[in-house]
Amino acid sequence: MIQNPKRYTITAALPYTNGPIHIGHLAGVYVPADIYSRYLRLQGKDVAFICGSDEHGVAISMKAKKEGITPQEVIDKYDGIIRKSFADFGISFDNYSRTSAKIHHDTAQEFFRKLYDNGDFIEEITEQLYDAKANQFLADRFVVGTCPRCGNDGAYGDQCENCGSTLNATDLINPKSTITGETPILKATKHWFLPLDRYTDFLTEWILVGHKNDWKPNVYGQVKSWVDGGLEPRAVTRDLDWGIDVPVEGAEGKKLYVWFDAPIGYISSTKEWALREGKDWEPYWKDEDTKLVHFIGKDNIVFHCIIFPAMLKAEGSYILPDNVPANEFLNLEGNKLSTSKNWAVWLHEYLEEFPEKQDVLRYALTSNAPETKDNDFTWKDFQARNNNELVAIFGNFINRVVVLTNKYYDGFIPTPNEFSEVDEAALAELKAYPAVISSSVERYRFREALGELMNVARLGNKYLADEEPWKVMKDNPERVKTQMYVALQIAAALSILAEPFLPFTAAKLSRILKNEGKLKWNDVAENSELIPEGHQIGEAELLFAKIEDEEIQKQIDKLEATKTANLAENKQVEPQKELIQFEDFAKMDIRVGTILEAEKMPKANKLLVLKVDTGIDVRTIVSGIAESFSPEEIIGKRVSVLANLAPRALRGVESQGMILMTTNAEGKLVFINPDADAPNGETVN
């Protein structure tokens with residue numbers, strides 16, 4: 001761990017431009033990275049917060065094929081959506097670039113060429129899956145088949161999403177091309193590999209020994225598992241029609257593998273920023289006094305803790321990351337987030353549906369951040385955190401302070417009188433909070449840090465509740481001056497301490513207090529007066545608004561509609577049965593009927609006993625639909641009845657026919673009932 005670095009290079013994982021940003025991305029990467037960057041800036045640190053769109057690789061090609069457009073159209077569309085979402089949400093990147101930029105192509109090719117010239121790659125001819133009908137080699141994600149480890153039929157060529165196993169496309173059983181559906185063949189092709197096994201000793205010493213005590217256990221454990229399992233050479237090139245050209249002879253038609261070019265995007269984005277700002281980019285990547293921190297999700301640990309460091313080590317002139325505080329995954333309403341299944345809360349849609357509530361989402365995601373284990377986002381929890389914490393604690397304290405200051409003193413900060421022990425204790429506790437919050441932030445414990453920030457608001461609420469200035473005002477107005485002065489110092493502290501976590505709220509509070517840009521982080525601990533006597537504040541404005549049940553139900557209904565659509569899309573239709581003759585069908589007597597009575601079969605959870613008017617008689621039919629329907633809701637229901645089914649005794653009751661049923665898109669039973677107003681007894685032909 002670097003002590004007292006001169007500067008900080010902070011990177012956030014480059015988002016794939018094959019879709020918008022959702023809350024899983026925010027919770028795992030962008031909110032914690034933004035908190036850390038904002039915190040450091042408030043301390044006057046030299047910070048380069050770097051990101052950009054990842055615009056190469058198979059995901060882009062797949063999206064283009066699915067939407068019937070070019071890869072360039074895909075990346076331009078989603079780069080625009082992503083940039084706007086980040087800006088509207090307040091993610092404070094110093095530079096947001098894109099890997100399709102010339103500066104990135106040049107940087108990635110130069111990096112590859114240096115390693116190539118140094119002899120750091122292995123050149124091999126290997127057999128890879130090839131779609132003869134499409135006349136192209138198949139990248140991992142263009143192959144699906146049966147996972148050899150768990151038997152999942154929908155495993156991709158690089159990973160089985162059912163069991164989480166990392167795979168090679170050639171490992172799949174019964175592989176199929178997703179382009180044509182054909183069974184691919186093996187065909188020889190030449191590629192270059194980074195021999196990761198050469199870096200085993202380096203990685204063991206650097207991470208497993210050097211960072212044993214300061215890296216998160218989930219990160220350290222995954223790296224150790226990879227190293228202990230034995231590292232193998234990894235291809236840095238692939239046969240694709242979209243990406244960065246491999247800059248050597250004999251590599252025509254080949255592209256740099258996206259995992260190789262994407263992390264170099266941090267470097268090219270820093271170069272782009274430095275050119276614009278008139279800075280030298282190299283100290284931010286090559287000076288030992290620079291602290292490099294990668295913010296990523298757990299699915300990127302191997303790339304940022306093994307492969308990219310091996311690349312940097314091979315190149316020779318770059319620093320290595322001081323920390324990689326990867327988070328686990330965030331689930332949504334009990335299910336795994338999925339871009340392809342639209343099971344997500346998309347940032348751009350959230351900002352439209354909850355205008356001016358950026359900080360509510362930041363707060364909910366940070367409070368529930370998956371820092372050490374997978375966590376679950378629910379709309380009910382989101383509502384509760386807003387209403388019970390932001391509104392009831394933070395917002396309530398500020399509102400009372402501002403309203404009372406305007407009511408008693410026309411908005412002017414009163415001159416305090418002698419401080420009581422209670423006042424001194426409150427101010428002393430306030431001065432301790434910056435160090436407490438700093439300790440949590442610098443150990444990447446952002447949930448813990450946010451909890452301490454809310455304790456500052458709780459301190460203010462408790463102080464006002466205990467002191468009750470609205471009661472004291474009647475008999476001792478001089479005492480109230482001191483009470484309000486102390487409460488206003490706590491409010492001013494919140495306007496600065498909240499900025500990394502709740503930047504829009506902090507800006508609004510600073511505007512209300514009319515102290516914009518006047519305070520830095522350390523002022524809270526070092527200055528005896530954060531907002532001076534005689535200073536006039538503005539009128540009260542609500543920092544947070546209550547979120548009603550109707551707003552939350554709308555979001556829950558939206559997800560339920562997505563779930564229904566997914567079930568319909570993914571529903572497996574049963575194959576056609578063996579052919580029959582017309583005479584076989586003609587033997588069935590299917591009649592229109594009406595259910596007259598219904599009751600549960602005693603001691604049978606699945607069975608209902610029905611009285612059905614078939615037009616030719618009223619008969620008893622036992623049906624296994626009790627788990628889907630109550631007796632009351634089906635009385636009077638029009639149904640189709642197989643009338644000439646041989647009687648069968650079920651639990652001692654003779655059933656004289658069968659009600660025809662099917663399932664809907666959600667997998668629920670539904671009746672096959674006549675569309676027209678046909679009378680009971682009419683036959684179905």
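Only a predicted model underlies this, so the values are computations on that prediction, with no experimental measurement involved.
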**Non-hydrogen side-chain atoms of I60 and T17 separated by less than 4.5 Å** = yes
**Message:** Less than 3.5 Å apart, any donor N or O on the side chain of S100 or E55 sitting next to an acceptor on the other?
**Reply:** yes
**Asked** When you check the side-chain N and O atoms of K176 and N174, is any donor under 3.5 Å from an acceptor?
**Response** no
**Prompt:** Would you say the side-chain atoms of H191 and D239 include a donor-acceptor pair closer than 3.5 Å?
**Reply:** yes
**Item:** is_close_aromatic(W206, W215), centroid dist under 6.0 Å
**Value:** yes
**Item:** Within 45° cone of Y284 ring axis and under 6.0 Å: R7 NZ or CZ
**Value:** yes
**Message:** We want to know whether S97 and K271 form a side-chain donor-acceptor pair, criterion being a heavy-atom distance below 3.5 angstrom.
**Reply:** no
**Asked** Does a donor on one side chain sit under 3.5 Å from an acceptor on the other, for S37 and R41?
**Response** no
**Request:** May I ask you to check whether over 12 heavy atoms, not counting those of K224, lie within 6.0 Å of atom NZ?
**Result:** no
**Item:** E371 side chain reached by K216 side chain, heavy atoms, under 4.5 Å
**Value:** yes
**Prompt:** Looking only at atom types and distance, does a side-chain atom of N375 sit under 3.5 Å from a main-chain N or O of N368, one as donor and one as acceptor?
**Reply:** yes
**Request:** Assess whether salt bridge (charged side-chain N to carboxylate O under 4.0 Å, His left out) is satisfied between K373 and E328, documenting all intermediate values.
**Result:** CA-CA 5 Å; K373 63 181 180 63; E328 300 292 292; over 6 Å; no
**Prompt:** F446 vs F295 aromatic rings, parallel, tilted or perpendicular, using cut-offs 30° and 60°?
**Reply:** tilted
